[in-house]
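Heavy-atom basis, side chains included; hydrogens, waters and symmetry copies ignored. A note on names: the letters A, B, ... follow the listed sequences, proteins ahead of strands, and every chain is numbered from 1.
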Protein chains: 2
Amino acid sequence: MADPDSDIDELAFLAAYDASLYPRPSVAVDVVLLTVSGDELRTLLVRRSEQPQLGRWALPGTFVRVDESLDAAAARAVTTKAGLSEVFIEQLYTFGNPGRDPRTRVISVTYYALVDAARLEAAVLGRTGRELCLARVPAPDAWIVADTADGAALELAFDHRELLAVAVERIRGKLAYAPIGFELLPATFTLLELRRVHEAILGRPLNKDSFRRTILDRGLVEATGELARGLGHRPATLYRFARAGGR
Amino acid sequence: MADPDSDIDELAFLAAYDASLYPRPSVAVDVVLLTVSGDELRTLLVRRSEQPQLGRWALPGTFVRVDESLDAAAARAVTTKAGLSEVFIEQLYTFGNPGRDPRTRVISVTYYALVDAARLEAAVLGRTGRELCLARVPAPDAWIVADTADGAALELAFDHRELLAVAVERIRGKLAYAPIGFELLPATFTLLELRRVHEAILGRPLNKDSFRRTILDRGLVEATGELARGLGHRPATLYRFARAGGR
DNA sequence: AAAATAGTGTCTGTAAGACAATATAAC
DNA sequence: GTTATATTGTCTTACAGACACTATTTT
């Protein structure tokens, strides 16, 4: 493999390479930023302020800069549009059908991100309405994205409804084996809160007893020793996510 | 949403849109074409006949044409490089770090494909050696891709070793809940053959009894009524994949 | 004391692993 | 008949769902 002649050939080839010979598509990232608030799954939408599809609601996204990694572009989109940093974010799927964007061929590498509701709501405070929207994402059957305020259905830009559907499907599947529920909660939480998050994601009720057992047996959480307070009934133990895996 | 003025604005905008304003990366597809042969997981590699990385082994791939969907580009890569059509193929992950290709910024949308060994071996017959290679993909721990012939480790081009690792990880995970083993077998097969395929993918032995029960209980296979023959011992029932899901 | 949820213990059904016993085509 | 694997059946263990009961804080 370490043939010096071919190394020289390769260097010569690269020096002469003209990247502009072939037509190339544009590459964008779009982020499905999910949270659970009021026992419902919600996603952040941005109102398009430019053509095309001006005025429609879209997932936060941006074009990928030519010297920037895909992950970095996705993180930049979250920072720019939602004012958040250090969120849990993972690549989801890449959409690239010709014609999905009327401007030109745009390939969109999509990500999903998970943030706890308090953080997200603080970050977008005062900007919801014309500019931003924390839209409800209903149960799997009814794929209508609704505004939180008046419950009206929102028409999403481009193929973003499809991106959203893929994201929800993905985290539903992932919930069964990966500890992603914690990303949607503050640092300490009760088992009831954790279960409500799981139920919101799955869109169905979960068995209280076996949920408790499963979570505790896996050693993914550890008790902080403190109790929730001021609820009018017996307080629950507060837990924290045990990153080590425990046990 | 159906404001006629904004529609006119959008049309005017699109007519004036110049897609060449921003620098754009190249977009390629690469396919991890997997099969199980000789109780081992294998993947098809292509020897690079051009610069850069001339002579190294690479996953079959191609650049995406500007009017072609990603799926179509992946299917075209399989047809062109392996001479196969109608294979099971799914998108895997998109790699796009700057610097992963020395020519220019190349974003690679990767796919994995599954083919039964007999079909793949017939398709690449006579072309293995200098041009193509059906390389062994060993157990998860030893991430050395080895040539089938002399067992020597192969050095892969670009970041293709990483792509391969992600593909194997993905089908291992998927095997637990999706009927993908059938894609790696001919139309009819015995339960032993199906188990060997699963074992090759997972890299560990599976319990014979519960494997049989699990597969049969799920109703994913149905007996053809015929028996395997010529084996020197009691013949096993031949099954076929029951696409309906059964039961 | 009443309300409301937290937390514990027990029973049951399902599914997987282990193991034993029987079945059968090729030789 | 011998061989080697197929196929069936039973026992045990692990775990999830269901349900009953006790515990504890706020009002």
Side-chain angles (χ1 to χ4, degrees), chain A residues 38-39 172-173 175-179 181 185-186 188-242 245-247, chain B residues 38-39 172-173 175-179 181 185-186 188-242 245-247:
Chain A
D39 293 348
R172 280 203 178 115
L175 195 58
Y177 63 92
L185 287 169
T188 65
F189 48 86
T190 66
L191 290 179
L192 175 60
E193 290 168 333
L194 182 59
R195 179 158 56 89
R196 292 263 184 263
V197 164
H198 281 236
E199 290 175 338
I201 293 173
L202 296 175
R204 62 181 172 87
L206 291 173
N207 183 281
K208 171 190 151 184
D209 307 306
S210 57
F211 182 81
R212 161 180 293 270
R213 254 187 324 222
T214 306
I215 295 294
L216 293 180
D217 287 355
R218 280 194 207 161
L220 294 174
V221 298
E222 54 190 23
T224 62
E226 308 205 357
L227 299 177
R229 22 184 40 251
L231 294 164
H233 54 77
R234 175 173 175 179
T237 305
L238 285 172
Y239 291 86
R240 78 169 68 89
F241 178 37
R247 264 280 288 269
Chain B
D39 293 348
R172 281 204 178 113
L175 195 59
Y177 64 91
L185 286 169
T188 65
F189 49 84
T190 66
L191 289 178
L192 175 60
E193 290 168 335
L194 182 59
R195 178 158 57 87
R196 293 262 184 263
V197 165
H198 281 236
E199 289 175 338
I201 292 173
L202 296 174
R204 63 181 171 85
L206 292 173
N207 183 281
K208 173 188 152 186
D209 305 308
S210 57
F211 182 81
R212 160 181 292 269
R213 253 187 326 223
T214 306
I215 296 293
L216 292 180
D217 287 357
R218 280 193 207 163
L220 294 174
V221 298
E222 55 191 21
T224 61
E226 307 205 358
L227 299 177
R229 22 183 41 250
L231 294 164
H233 54 77
R234 175 172 175 179
T237 304
L238 285 172
Y239 291 86
R240 78 168 70 88
F241 178 37
R247 263 280 289 268

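- Remark: B:Glu226 CD is loosely packed, at most 12 non-hydrogen atoms of other residues, nucleotides or ligands lying under 6.0 Å away.
- A 4.5 Å side-chain heavy-atom check between B:Thr190 and B:Glu193 finds at least one atom pair inside the cut-off.
- Taking atom CZ of B:Phe189 as the reference point, atom C1' of D:dA6 lies 16 Å away to the nearest angstrom.
- Here C:dA16 presents its C1' atom at 14 Å from CG of B:Leu216, a figure rounded to the nearest Å.
- When side chains are defined from C-beta on, A:Leu227 counts as touching A:Thr237, because their heavy atoms get closer than 4.5 Å.
- Protein atom CZ of B:Arg196 is 13 Å distant from nucleotide atom C1' of D:dA6, rounded to whole Å.
- Within 4.0 Å of B:Leu192, counting heavy atoms only, lie sugar-phosphate atoms of the nucleic acid but no base atom.
- Protein atom CZ of B:Arg234 is 9 Å distant from nucleotide atom C1' of D:dT5, rounded to whole Å.
- Counting only heavy atoms from C-beta on, A:Pro235 has its side chain closest to D:dT24 among D:dT24, C:dG7, D:dT7.
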Show the distances under 3.5 angstrom between N or O atoms of the protein and N or O atoms of nucleotides 15-17 of chain D.
residue : atom : partner  : partner atom : Å
D:dG17  : OP2  : A:Ser210 : OG           : 2.2
D:dG17  : N7   : A:Arg213 : NH2          : 2.9

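- Interatomic distance, CG of A:Leu191 versus CZ of A:Phe211, reported as 7.0 Å (0.5 Å rounding).
- Proximity of a side-chain donor or acceptor of B:Thr224 to a complementary backbone N or O of B:Arg240 within less than 3.5 Å is not detected.
- Residues A:Leu185 and A:Phe241 have side chains not in contact (no heavy-atom distance under 4.5 Å, counting atoms from C-beta outward).
- The nearest heavy atom of DNA chain D to A:Lys208 and to B:Leu238 marks one nucleotide each, and the one closer to the 5' end goes with B:Leu238.
- Between B:Arg229 atom CZ and D:dA6 atom P the separation is 16 Å, expressed in whole Å.
- The separation between A:Arg212 atom CZ and D:dA23 atom C1' is 12 Å, rounded to whole Å.
- When the nucleotides C:dT5, D:dT5, C:dG7 are ranked by their closest atom to the side chain of A:His233, C:dT5 comes out on top.
- A salt bridge links B:Glu199 with B:Arg196: at least one charged nitrogen is closer than 4.0 Å to a carboxylate oxygen.
- Between the CD1 atom of A:Ile215 and the C1' atom of C:dA6 there is a distance of 16 Å, given to the nearest Å.
- The shortest distance between the side-chain N/O atoms of B:Thr237 and the OP1/OP2 oxygens of D:dT7 is below 4.0 Å.
- Along DNA chain C, the nucleotide nearest A:Arg195 and the nucleotide nearest B:Leu227 are compared for position; the residue whose nucleotide lies closer to the 5' end is A:Arg195.
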